[in-house]
Amino acid sequence: MDTAIQTTAGVEAAFSLSDYFPILIYLVIVLLFAIGTLFLSHFLFVKPRKETAVKMMPYESGMDPIGSARLQFDIRFNLIAILFLVFDVELLFLYPWAVVAYTDLGDPLWRNELTGGMITISHIIFLEILVFLGTLGIAYFYAWRKGVFQWR
Amino acid sequence: MVSFSLLYTLLIIVVVIGTIMGSVAYLVLLERKVSAYVQDRLGPNRVGPFGLLQPMADGLKLFLKEEIIPKHVDKLFFVLAPGVAIATALMAFSIVPFGPTPATPAPVPVVALNADESALFQWMNDQKALKEFNYQKETYQQQYTFAIAPGLDIGLLFTFAIGSLAVYGVILGGWSANNKYSLLGSIRSSAQIISYEIPLGMSILGLVLFVGSLNLEKMIAWQSSNGWFILYQPLAFLLFMISVFAETNRLPFDLPEAEQELVGGYHTEYSSMKLGLFLTGEYIHMVTTSFLMAILFFGGWHFPGLNDIEGLTGTIIKFLILAAKTGAFIMLYMVVRWTIPRFRFDQLMSLAWKKMIPLALLNLLCVMIALEYHSPKWVLTLTSIMILAGGVLIQIRFESNSLSRSSSPSSRINMDPTGETGKLSPSSPS
């Protein structure tokens, strides 16, 4: 924010990495805090330490554990993960659009220089996003018909 | 503070960590008291007056308990997981303004040049805008900011990004424990967290369209002059609240640690302070999301009639308003925990994918169209209510359909209340 730049919106602050320094410092302190707590509770205190064979066993409600815990898990969880990727990437595309789409930037020239004011760029963007959401809707509908969301 | 000051930042960080840790300790006490009163008990009342020293005793107990690292675990990840959980929980708070923080100045528009004016006028206009910008920057820098990293334009997105990293703590903890309960709990938890991430992100898009920024201070500034978002986006608030409950694994959605099914879920094998860190992380998420709900939908520190008080009194009043709103949401968390029973897993998934995502998409579409055609904002209140009512009506209609068909065993196993997929998909057993 130390230097000013001129954009289509007017004079505004240039991106400066120093805005993010507090986060870096906070990250370091948080990591120290987490590691410190784990370390303290592990070494510093005088606490009971009696290892018995039963205590070191996996807990299965008092029964002797049967087989390994590295189980195969349901394929549907995998399906959920794939769906999440699709929808989350779509969300990531929508965020930048949402930030700039309808802010009052004093309607700068670039918005209607293409067609002399008849169709502005904001109209085109609106239609494009409708198409984008439309394809998303079709994909969603297809997944629904395929029974992907069915948890049975 | 824009001119970055190490001392001020360190001070704020220390205060934030201290306050969060202290309030989490007392939230545990509050939770136990609330649950006791809901169940007609007294709750903890032995340590100190009204049990007020109970958090110290609890913390000391967690520290002094024997720390068991069972033989069968993957040691590195087992020890690392609680650290990841607490670090991500704390990091998500870094952009949340917890007190009155001014918004960064908006871009200063340059007066456009007419065709007959010379380049000299353009230069003068530029200088005028630059001067105005410098003036705004100086006034901004003179004010106090109450956030660890104030004025970040990435704001909300950063919180969501860090918040979803929390799933790593859960997955690492559950997998490395090498216990069937832990594994099941962590898989459930990650499926739940990533499913609800989508309605969470989508419900916010309408707000972002209005404000044109992800910066939380700007969100509050917008709401101070235009009215709280709960008025224009009630549906978005409902979706956001439900998603946030699911993200924090609080009770209607606490399947990852459903005691009756999975013992302790992903932290079954944890003991001592490692368990404590997991639980603390969960409570910190609760605090952060309560702040977010208060800031995004209820105007943060804005309250009609109390916003124009200047000076120290004004600052304190704004602090109190924000704290009261946040506290109300924390109380909501606790009351909901003891009133609404747990979902089944298929209900949980169908709520996220079949109900909340379509509702959020429709809501986003409405906001888009309303903004494109410059409709008044109250139209969105109506559309929100209409979308919700429509959804409920469709739900009721299909539910009665599927109830009448529930005589066949296949449709009872097929838990889909809308009954649509059962009819349409060729692979369905019905």
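Below, read A as the first sequence line, B as the second, and so on, with proteins coming before strands; counting in each chain starts at 1.
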| request: Just do the side chain to side chain contact (heavy atoms under 4.5 Å, CB included) check on F33(A) and M21(B) with the steps written out, would you? | output: CA-CA 11 Å; F33(A) 174 78; M21(B) 284 305 166; 3.2 Å; yes

| said: Would the distance check show the side chain of Y95(A) and the main-chain N or O of G201(B) forming a donor-acceptor pair, the cut-off being under 3.5 Å? | reply: yes

| said: Let's test your reading of the structure: which of E269(B), E132(B), E197(B) forms the most heavy-atom pairs below 4.5 Å with chain A? | reply: E269(B)

| query | Which answer fits L91(A), side chain, backbone, both or neither, if we ask what part of it has an atom under 4.5 Å from a heavy atom of chain B? | reply | side chain

| request: Mind listing the closest non-hydrogen atom pair of T37(A) and F63(B) along with its distance? | output: CG2-CZ, 4.1 Å

| remark: Of I187(B), I68(B), L214(B), the largest count of non-hydrogen pairs under 4.5 angstrom with chain A goes to I187(B)

| field | Non-hydrogen side-chain atoms of I23(A) and M91(B) separated by less than 4.5 Å | value | yes

| said: Are there over 12 heavy-atom neighbours, none belonging to F132(A), within less than 6.0 Å of that residue's CZ? | reply: yes

| Under a 4.5 Å cut-off applied to non-hydrogen side-chain atoms, are L38(A) and K274(B) in contact? | yes

| remark: Whatever's closer than 4.5 Å to a heavy atom in chain A on I148(B) counts as both

| remark: OG (S190(B)) and CD1 (I80(A)) are apart, to the nearest 0.5 Å, by 10.5 Å

| Stepwise side chain to side chain contact (heavy atoms under 4.5 Å, CB included) test for V211(B) and V99(A) | CA-CA 8 Å; V211(B) 181; V99(A) 171; over 6 Å; no

| Options L183(B), L205(B), L365(B), I369(B), ranked by heavy-atom pairs under 4.5 Å with chain A, top entry | L205(B)

| field | For L275(B), side-chain contact (heavy atoms from CB on, under 4.5 Å) partners two or more places apart | value | H267(B), Y270(B), L279(B)

| remark: If one checks every heavy atom of L207(B) against chain A at 4.5 Å, the contacting part turns out to be neither

| task | Using non-hydrogen atoms and a 4.5 Å limit, figure out which bit of Y196(B) sits close to chain A: side chain, backbone, both or neither. | result | neither

| task | Using non-hydrogen atoms and a 4.5 Å limit, figure out which bit of L133(A) sits close to chain B: side chain, backbone, both or neither. | result | side chain

| said: Is it true that, when you exclude K65(B) itself, more than 12 heavy atoms of the residues, nucleotides or ligands shown sit nearer than 6.0 Å to its NZ? | reply: no

| query | Would you say L209(B) and W97(A) make side-chain contact, with heavy atoms under 4.5 Å? | reply | yes

| request: Among G206(B), P70(B), G151(B), single out the residue with the greatest number of heavy-atom pairs under 4.5 Å to chain A. | output: P70(B)

| query | In terms of ring plane angle, is the pair F126(A) and Y373(B) parallel, tilted or perpendicular, where the classes change at 30° and 60°? | reply | perpendicular

| task | With the side chain counted from C-beta on, respond yes when Y140(A) and L361(B) share a heavy-atom pair under 4.5 Å apart, and no when they do not. | result | no

| request: Run the ring-centre check on F84(A) versus W353(B) and record whether the distance is less than 6.0 Å. | output: no

| Contact winner vs chain B - L83(A), L92(A), L130(A), heavy-atom pairs under 4.5 Å | L83(A)

| More than 12 heavy atoms of other groups within 6.0 Å of F77(A) CZ | yes

| note | By side-chain hydrogen bond (donor to acceptor under 3.5 Å, both in side chains), K180(B) pairs with (sequence neighbours left out) E60(A)

| message | If you define the side chain from C-beta out and look only at heavy atoms, does anything of M349(B) sit under 4.5 Å from F149(A)? | response | no

| Could you go step by step and tell me if M368(B) and I129(A) meet the side chain to side chain contact (heavy atoms under 4.5 Å, CB included) rule? | CA-CA 9 Å; M368(B) 244 175 96; I129(A) 292 292; 3.4 Å; yes

| message | Quick check on I357(B) against chain A: is it the side chain, the backbone, both or neither that has a heavy atom closer than 4.5 Å? | response | side chain

| In terms of heavy-atom pairs under 4.5 Å, which option from T9(B), V208(B), I13(B), I12(B) contacts chain A the most? | I13(B)

| chain A: which of L90(B), N179(B), I194(B), I17(B) shares the most heavy-atom pairs with it under 4.5 Å? | I194(B)

| field | Region of I204(B) that comes under 4.5 Å of a non-hydrogen atom in chain A | value | side chain

| S94(B) versus chain A, heavy atoms under 4.5 Å apart: side chain, backbone, both or neither? | both

| side chain to side chain contact (heavy atoms under 4.5 Å, CB included) between L364(B) and L94(A): does it pass, once the steps are laid out? | CA-CA 10 Å; L364(B) 173 65; L94(A) 285 178; 4.0 Å; yes

| said: Less than 4.5 Å to any heavy atom of chain A: does that hold for the side chain of L371(B), its backbone, both, or neither? | reply: both

